[in-house]
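In what follows, a structure is listed as structure tokens, so that the remarks can point back to it.
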Amino acid sequence: MDYNTDTIYIVGDAQTSVNNPITQQFSAFFIGLVIDTTNDKIVDAGCSSTIPLTSAFVRTLFVGKTMHDLDSISEQVRSRYHGSSQKAIIVAYKDAQKKYRSIVNHN
């Protein structure tokens, strides 16, 4: 997929539980977001996961939302994602939000 010049890539990270396979493989949980800075929309997403289906599913929770949709995304994660990384997804998104705010406030 090609991304236009108005997009940026941000990685948010979070800790997961010790017994989480993601922690055993990656030491932490990461979510990568491609964001269109003209409208703050998330145009693509991926995450550290041990099963490709996980990353594909998590992508559906973020694509089309904006970087300001914390409540909506958090609710979708809580109601639809029932894996051991549920809290880590929300924390990683909050981390990405913080980085995004810092970037757009400096431009």
Side-chain angles (χ1 to χ4, degrees):
M1 177 177 226
D2 289 332
Y3 302 108
N4 71 46
T5 57
D6 292 321
T7 59
I8 61 172
Y9 179 73
I10 295 180
V11 176
D13 57 90
Q15 295 299 313
T16 54
S17 61
V18 177
N19 64 341
N20 186 318
I22 292 170
T23 301
Q24 294 170 6
Q25 186 171 351
F26 300 108
S27 301
F29 178 85
F30 302 95
I31 188 161
L33 302 171
V34 178
I35 304 146
D36 184 333
T37 58
T38 65
N39 57 17
D40 305 323
K41 280 204 179 233
I42 300 166
V43 296
D44 207 353
C47 69
S48 53
S49 65
T50 56
I51 303 168
L53 180 60
T54 301
S55 189
F57 186 82
V58 169
R59 182 180 184 278
T60 68
L61 299 173
F62 288 91
V63 172
K65 306 286 193 310
T66 75
M67 286 304 290
H68 312 292
D69 284 341
L70 176 61
D71 293 339
S72 170
I73 289 172
S74 296
E75 176 56 33
Q76 285 290 303
V77 171
R78 286 188 197 98
S79 66
R80 298 182 61 210
Y81 183 93
H82 299 283
S84 58
S85 300
Q86 185 185 72
K87 289 179 185 173
I89 293 170
I90 296 168
V91 172
Y93 175 63
K94 288 179 183 178
D95 183 55
Q97 266 190 322
K98 185 166 65 170
K99 291 174 183 175
Y100 183 70
R101 282 189 197 113
S102 175
I103 291 165
V104 296
N105 289 336
H106 285 96
N107 290 336

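The first residue of the sequence shown is numbered 1, and numbering continues consecutively from there.
By the side chain to side chain contact (heavy atoms under 4.5 Å, CB included) test, Asn39 pairs with Asp36, Lys41, sequence neighbours left out.
Linking ILVMFWY side-chain heavy atoms closer than 4.5 Å, directly or via other members, places Ile103 and Ile42 in a single hydrophobic cluster. Under the 4.5 Å side-chain contact rule for hydrophobic residues, Val63 and Val34 do not share a cluster.
Rounding to the nearest 0.5 angstrom, the gap separating the CZ atom in Phe29 from the OG atom in Ser85 is 5.5 Å. The NZ atom of Lys65 lies 12.0 Å from the CG atom of Leu33; values are rounded to the nearest 0.5 Å.
The two residues Cys47 and Ser55 make their nearest non-hydrogen contact at N-OG, 3.2 Å. Smallest separation of non-hydrogen atoms from Phe57 and Thr60: O-OG1, 2.5 Å. Scanning both residues, Ile31 and Ala92, for their nearest heavy atoms gives CG2-CB, 3.5 Å. When all heavy atoms are compared, the tightest approach of His68 to Gln97 is CA-NE2, 4.0 Å. Residues Leu61 and Tyr81 come closest through the heavy atom pair CD1-CB, 4.3 Å.
Lys99 places a side-chain N or O within donor-acceptor distance of the main-chain N or O of Val11, the cut-off being under 3.5 Å. At distances below 3.5 Å, not a single donor-acceptor pair connects side-chain atoms of Asp95 with backbone N or O atoms of Val91. The backbone N or O of Ser102 lies less than 3.5 Å from no partner atom in the side chain of Asn105, so there is not a single donor-acceptor pair. The backbone N or O of Met67 lies less than 3.5 Å from a partner atom in the side chain of Tyr93, making a donor-acceptor pair.
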Exercise. Decide yes or no on side chain to side chain contact (heavy atoms under 4.5 Å, CB included) for Thr37 and Tyr100, but give the supporting numbers first.
Key: CA-CA 9 Å; Thr37 58; Tyr100 183 70; 4.2 Å; yes
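By the 6.0 Å contact criterion, NZ on Lys87 is open, its count of non-hydrogen atoms from other residues, nucleotides or ligands being 12 or less.
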Give the table of side-chain donor-acceptor pairs shorter than 3.5 Å for residues 70-78, with sequence neighbours excluded, one pair per line with atom names and distance.
from  : atom 1 : to    : atom 2 : distance (Å)
Ser74 : OG     : Leu70 : O      : 2.8
Gln76 : OE1    : Arg80 : NH1    : 3.2

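Among residue pairs with one or both ends in residues 2-13, those qualifying as side-chain hydrogen bond (donor to acceptor under 3.5 Å, both in side chains) are Tyr3-Asp44; sequence neighbours excluded.
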